[in-house]
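These figures come from a predicted structure and were not determined experimentally.
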Amino acid sequence: MARRSALVKVILLGDGGVGKSSLMNRYVTNKFDSHLFHTIGVEFLNKELEVDGQQVTLQIWDTAGQERFRSLRTPFYRGSDCCLLTFSLDDGQSFRNLANWKKEFTYYADIKDPDNFPFVLLGNKVDVPERQVTGEDVQKWCRENGGCPYFETSAKDATNVASAFEEAVRLNNVEQVDGCNYYLLLFSFCPVRSNGQSISAV
Ligand SMILES: Nc1nc2c(ncn2[C@@H]2O[C@H](COP(=O)(O)OP(=O)(O)OP(=O)(O)O)[C@@H](O)[C@H]2O)c(=O)[nH]1
Ligand SMILES: [Mg+2]
């Protein structure tokens, strides 16, 4: 029988600067900031979806990709229902680092059977013309990693952003994502951004 969860926790992982926060903000608030500051620790936003006549809360956890924040993000991996591994199509190194991100997640989330855990791969910044990662490279990676779904996204122009998050819901056996009412819940492990500004509301 299909497992249904009223709360679906998805976590965004990937190198600093690939666009994780921008993807979350685009999906939940439909806004894009071209001068976003690096995330410190973790933040999450909730979005309520009506799925097949049932309310589902999609809880999106956005983590700091910079290495110096590793110890602040890893405690929040446990309990994730889906992991969105994110790289930037104009940054080949962020693609090559995916294996490390998967390994870090699997270890700290204590995933017993990684081959059957729902990972989704996001190649962000598809709007940028200078591309460093080919479709063949990505398809090979997906084949070698359990055939995980792949989306080329742009937080800037909203390409495929909703589809990617909705796939995370579908992988938890919740189908037919209909209308979306969202509400906002913001949590910050460290309530300051790297420029010293306080985080208030998005
Ligand atoms: N052109 C383009 N720029 C983007 C896109 N997504 C994010 N950016 C920009 O890339 C920069 C980094 O985006 P963030 O969302 O802060 O990246 P991040 O992955 O959250 O980075 P950390 O918080 O350090 O882990 C910002 O200047 C964004 O405006 C996109 O799809 N297209
Ligand atoms: Mg961020």
Side-chain angles (χ1 to χ4, degrees), residues 7-51 55-66 68-69 72-73 76-77 80-91 94 97-98 101 105 119-128 149-172 177-202:
L7 180 73
V8 177
K9 173 180 174 179
V10 303
I11 191 155
L12 283 155
L13 298 187
D15 281 8
V18 298
K20 300 177 298 296
S21 303
S22 301
L23 286 163
M24 179 178 75
N25 291 338
R26 168 60 77 188
Y27 184 53
V28 178
T29 68
N30 201 22
K31 290 192 177 123
F32 176 75
D33 181 350
S34 55
H35 300 287
L36 211 54
F37 294 105
H38 285 291
T39 304
I40 299 172
V42 298
E43 298 175 4
F44 76 77
L45 295 174
N46 280 1
K47 179 156 174 162
E48 278 204 3
L49 311 175
E50 190 177 322
V51 181
Q55 285 298 117
V56 172
T57 302
L58 180 58
Q59 190 171 80
I60 304 167
W61 288 71
D62 172 33
T63 60
Q66 290 185 310
R68 62 196 168 121
F69 299 128
L72 296 182
R73 64 177 180 252
F76 296 91
Y77 293 4
S80 300
D81 297 303
C82 179
C83 178
L84 300 173
L85 293 169
T86 311
F87 68 98
S88 178
L89 286 159
D90 71 343
D91 176 3
S94 70
N97 285 341
L98 286 173
W101 284 108
F105 174 77
F119 289 95
V120 176
L121 193 60
L122 306 185
N124 191 40
K125 305 194 189 182
V126 70
D127 60 282
V128 176
Y150 171 58
F151 294 85
E152 296 201 339
T153 58
S154 168
K156 185 176 181 183
D157 64 19
T159 302
N160 272 337
V161 176
S163 307
F165 284 107
E166 289 165 8
E167 178 69 10
V169 176
R170 287 198 185 87
L171 288 176
N172 282 271
V177 176
D178 295 330
C180 301
N181 294 321
Y182 72 81
Y183 66 88
L184 210 55
L185 218 170
L186 178 63
F187 166 82
S188 175
F189 186 71
C190 295
V192 286
R193 294 200 188 273
S194 42
N195 69 341
Q197 284 181 338
S198 294
I199 296 172
S200 50
V202 176

A.B. asks: Atom CH2 of W61 and atom OG of S80: how far apart are they, to the nearest 0.5 Å?
C.D. replies: 8.5 Å
A.B. asks: Can a donor-acceptor pair be found between the side chains of D62 and S21 at a distance below 3.5 Å?
C.D. replies: yes
A.B. asks: Who pairs with F87 by ring pair (Phe, Tyr, Trp, His ring centres under 6.0 Å), at least two apart in sequence or on another chain?
C.D. replies: F95
A.B. asks: Once you round to the nearest 0.5 Å, how far does CG of L122 lie from CG of L13?
C.D. replies: 10.5 Å
A.B. asks: Checking K47 against F165: charged group under 6.0 Å from the ring centre and within 45 degrees of the axis?
C.D. replies: no
A.B. asks: Out of V18, V128, N124, which one pairs with D90 under the side-chain contact (heavy atoms from CB on, under 4.5 Å) rule?
C.D. replies: V128
A.B. asks: Mind checking what makes side-chain contact (heavy atoms from CB on, under 4.5 Å) contact with K156, not counting sequence neighbours?
C.D. replies: F32, D127, S154
A.B. asks: Name the one of V10, I60, L23 that satisfies side-chain contact (heavy atoms from CB on, under 4.5 Å) with L84?
C.D. replies: V10
A.B. asks: Looking at N172, L7, V169, which one forms a side-chain contact (heavy atoms from CB on, under 4.5 Å) with D81?
C.D. replies: N172
A.B. asks: At their closest point, which heavy atom of G123 faces which heavy atom of Y150, and how far apart are they?
C.D. replies: N-CE1, 3.5 Å
A.B. asks: Of all the heavy-atom pairs spanning L72 and G41, show the shortest one and how long it is.
C.D. replies: CB-CA, 3.8 Å
A.B. asks: At their closest point, which heavy atom of A64 faces which heavy atom of W101, and how far apart are they?
C.D. replies: O-CH2, 4.5 Å
A.B. asks: Answer yes or no: is there a donor N or O on one side and an acceptor on the other, between the side chain of N160 and the main chain of E152, under 3.5 Å?
C.D. replies: yes
A.B. asks: Would L45 and E43 count as a side chain to side chain contact (heavy atoms under 4.5 Å, CB included) if you check the C-alpha gap in whole Å, the side-chain angles of each, and the deciding distance to 0.1 Å?
C.D. replies: CA-CA 7 Å; L45 295 174; E43 298 175 4; over 6 Å; no
A.B. asks: Under the side-chain hydrogen bond (donor to acceptor under 3.5 Å, both in side chains) rule, collect the residues that match up with E167, sequence neighbours excluded.
C.D. replies: none
A.B. asks: Taking C-beta and beyond as the side chain, do F119 and L171 meet within less than 4.5 Å on heavy atoms?
C.D. replies: no
A.B. asks: I'd like to check the side-chain hydrogen bond (donor to acceptor under 3.5 Å, both in side chains) partners of Y77; sequence neighbours left out, ordered by chain and number.
C.D. replies: R73, E104
A.B. asks: For T86, give me all partners under side-chain hydrogen bond (donor to acceptor under 3.5 Å, both in side chains), at least two apart in sequence or on another chain.
C.D. replies: none
A.B. asks: Centre-to-centre under 6.0 Å for F76 and F44, is that the case here?
C.D. replies: no
A.B. asks: Between CG of L85 and CD1 of I11, what distance do you get to the nearest 0.5 Å?
C.D. replies: 10.5 Å
A.B. asks: T63 side chain to L12 main-chain N or O, any donor-acceptor pair under 3.5 Å?
C.D. replies: yes
A.B. asks: Which residues pass the side-chain contact (heavy atoms from CB on, under 4.5 Å) test with A158, sequence neighbours left out?
C.D. replies: R26
A.B. asks: Atom CZ of R170 and atom OG of S163: how far apart are they, to the nearest 0.5 Å?
C.D. replies: 8.0 Å
A.B. asks: By side-chain contact (heavy atoms from CB on, under 4.5 Å), which residues pair with D91, not counting sequence neighbours?
C.D. replies: S88, Q93, S94
